[in-house]
Enquirer: 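Provided herewith is a single structure, encoded as structure tokens, for subsequent inquiry.
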Amino acid sequence: MSRRYWLMKTEPSAFSLDDLKAKGVEPWDGVRNYQARNLMRDEMRVGDGVLFYHSSTDPPGVVGLAEIAREGYPDPTAFDPKAAHYDPKSRPEAPTWYLVDVRFVRAFPRIVTLAELKATPGLEHMKVVQRASRLSVQPVTPDEWRIVVALAEG
DNA sequence: GCCAACGTTGGC
DNA sequence: GCCAACGTTGGC
């Protein structure tokens with residue numbers, strides 16, 4: 001199986017690429033969406049590439065690269081009554097929610113804004129450019145990956 | 001702050 | 001199982 005590619009969204013006020021750079025590796029916890037859960041639990045492999053996307057900021061866009069550092073495992077924050085994303089339906093013996101660990105790779109020399117993604121031929125089918133795209137973990141094709149990296153670093 | 005899109009919940 | 005109401009996301 002060859003390396004695959006993903007886009008992962010985060011609000012930088014909560015967790016930014018700089019935060020990931022400081023930590024090195026971070027568990028991507030708190031995702032409570034079944035499509036995103038399925039991708040993290042079933043599809044992501046160690047070494048897969050991640051476009052790191054900042055949302056709910058001005059401007060939103062891809063700010064750098066990360067990679068999958070650990071494959072899917074149960075999200076411990078779902079079991080913790082004090083955690084923000086606690087889910088009593090998820091139990092350790094039958095977990096509902098999964099996460100992966102993400103490792104910092106590099107920051108782009110400049111942000112590739114959402115507006116730029118929308119204006120770039122070849123990226124029309126990226127989920128993130130589609131209206132009201134709420135999925136916080138999205139697959140990216142190899143061509144889309146190359147185009148975005150070339151925009152930032154080309 | 002607005003609001004469209006979308007996922008989830010709950011009444012029936 | 002349907003679907004209206006509701007909550008959340010996230011761009012603008």
Side-chain angles (χ1 to χ4, degrees), chain A residues 4-23 26-44 48-68 71-102 104-141 143-145 147-153:
Chain A
R4 285 189 286 182
Y5 302 99
W6 311 95
L7 179 147
M8 299 177 82
K9 287 186 198 172
T10 176
E11 298 193 16
S13 59
F15 189 79
S16 70
L17 185 62
D18 278 347
D19 294 330
L20 183 61
K21 184 178 184 178
K23 296 221 172 185
E26 179 76 358
W28 207 257
D29 59 31
V31 174
R32 299 292 180 266
N33 170 280
Y34 286 101
Q35 284 185 64
R37 186 280 310 267
N38 292 346
L39 293 175
M40 292 197 293
R41 186 188 61 186
D42 304 333
E43 303 295 333
M44 291 179 162
D48 282 359
V50 174
L51 297 175
F52 199 96
Y53 181 91
H54 281 176
S55 65
S56 294
T57 188
D58 191 14
V62 180
V63 293
L65 302 181
E67 65 182 14
I68 303 304
E71 292 176 13
Y73 61 102
D75 184 342
T77 68
F79 309 137
D80 178 0
K82 295 185 295 298
H85 298 96
Y86 173 59
D87 181 355
K89 295 190 302 299
S90 185
R91 290 162 293 111
E93 65 276 20
T96 304
W97 302 113
Y98 284 71
L99 49 63
V100 294
D101 288 355
V102 174
F104 177 81
V105 173
R106 63 180 183 268
F108 285 160
R110 67 179 186 85
I111 185 173
V112 178
T113 66
L114 177 60
E116 196 172 355
L117 297 175
K118 287 181 174 176
T120 300
L123 302 183
E124 298 87 350
H125 301 296
M126 284 187 81
K127 290 227 181 339
V128 75
V129 309
Q130 280 147 35
R131 184 164 182 70
S133 144
R134 294 169 46 183
L135 191 58
S136 63
V137 174
Q138 312 179 355
V140 170
T141 69
D143 282 344
E144 290 163 348
W145 172 273
I147 291 169
V148 173
V149 173
L151 281 172
E153 303 181 334

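As a basis for the values below, the full set of heavy atoms in this structure was taken, side chains included, without hydrogen atoms, waters or symmetry mates. In what follows, every chain begins at residue 1, and chains take the letters A, B, ... in the order their sequences are listed.
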Enquirer: Remember a base hit wins even if backbone is also touched, and classify A:Ser133 as base, sugar-phosphate or nothing at under 4.0 Å, heavy atoms.
Expert: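 Result for A:Ser133 = sugar-phosphate.
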
Enquirer: Between A:Arg32 and A:Asp75 (salt bridge meaning N to carboxylate O under 4.0 Å), is one present in this structure?
Expert: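 A salt bridge links A:Arg32 with A:Asp75.
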
Enquirer: Name each donor-acceptor pair under 3.5 Å that joins a side chain in residues 113-125 of chain A to protein atoms two or more places apart or in another chain, with its distance.
Expert:
{"residue": "A:Thr113", "atom": "OG1", "partner": "A:Glu116", "partner atom": "N", "Å": "3.0"}
{"residue": "A:Glu116", "atom": "OE1", "partner": "A:Arg110", "partner atom": "NH1", "Å": "3.1"}
{"residue": "A:Glu116", "atom": "OE2", "partner": "A:Arg110", "partner atom": "NH2", "Å": "2.9"}
{"residue": "A:Thr120", "atom": "OG1", "partner": "A:Glu116", "partner atom": "O", "Å": "2.6"}
{"residue": "A:Glu124", "atom": "OE1", "partner": "A:Gly122", "partner atom": "N", "Å": "2.9"}
{"residue": "A:Glu124", "atom": "OE2", "partner": "A:Gly122", "partner atom": "N", "Å": "3.3"}

Enquirer: Is the ring centre of A:Trp97 less than 6.0 Å from the ring centre of A:Phe79?
Expert: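 No, ring centres 6.0 Å or more apart.
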
Enquirer: For DNA chain B, determine which residues of residues 29-38 of chain A have any heavy atom closer than 4.0 angstrom to one of its atoms, and list them numerically.
Expert: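 Those residues are A:Tyr34, A:Gln35.
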
Enquirer: Can the ring centres of A:Phe52 and A:Trp28 be said to be less than 6.0 Å apart?
Expert: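 Yes - the distance between ring centres of A:Phe52 and A:Trp28 falls below the 6.0 Å cut-off.
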
Enquirer: Sequence neighbours excluded, which residues qualify as side chain to side chain contact (heavy atoms under 4.5 Å, CB included) partners of A:Ser133?
Expert: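 A:Ser133: side chain to side chain contact (heavy atoms under 4.5 Å, CB included) contacts with A:Lys9, A:Lys127, A:Gln138.
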
Enquirer: For A:Trp6, give me all partners under ring pair (Phe, Tyr, Trp, His ring centres under 6.0 Å), at least two apart in sequence or on another chain.
Expert: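 If we apply the ring pair (Phe, Tyr, Trp, His ring centres under 6.0 Å) test to A:Trp6, skipping adjacent residues, there are no hits.
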
Enquirer: Taking side chain to side chain contact (heavy atoms under 4.5 Å, CB included) as the definition, give me every residue that meets it alongside A:Ala152, ordered by chain and number, with sequence neighbours left out.
Expert: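 Once residues adjacent in sequence are excluded, the partners of A:Ala152 under the side chain to side chain contact (heavy atoms under 4.5 Å, CB included) criterion are A:Phe108, A:Val112.
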
Enquirer: On DNA chain C, which is the earliest and which the latest nucleotide, 5' to 3', with an atom closer than 4.0 Å to a heavy atom of chain A?
Expert: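 Range of nucleotides touched by chain A: C:dG7 to C:dC12.
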
Enquirer: Is any side-chain heavy atom of A:Asp29 closer than 4.5 Å to a side-chain heavy atom of A:His85?
Expert: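 Heavy-atom side-chain distance check fails, nothing below 4.5 Å.
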
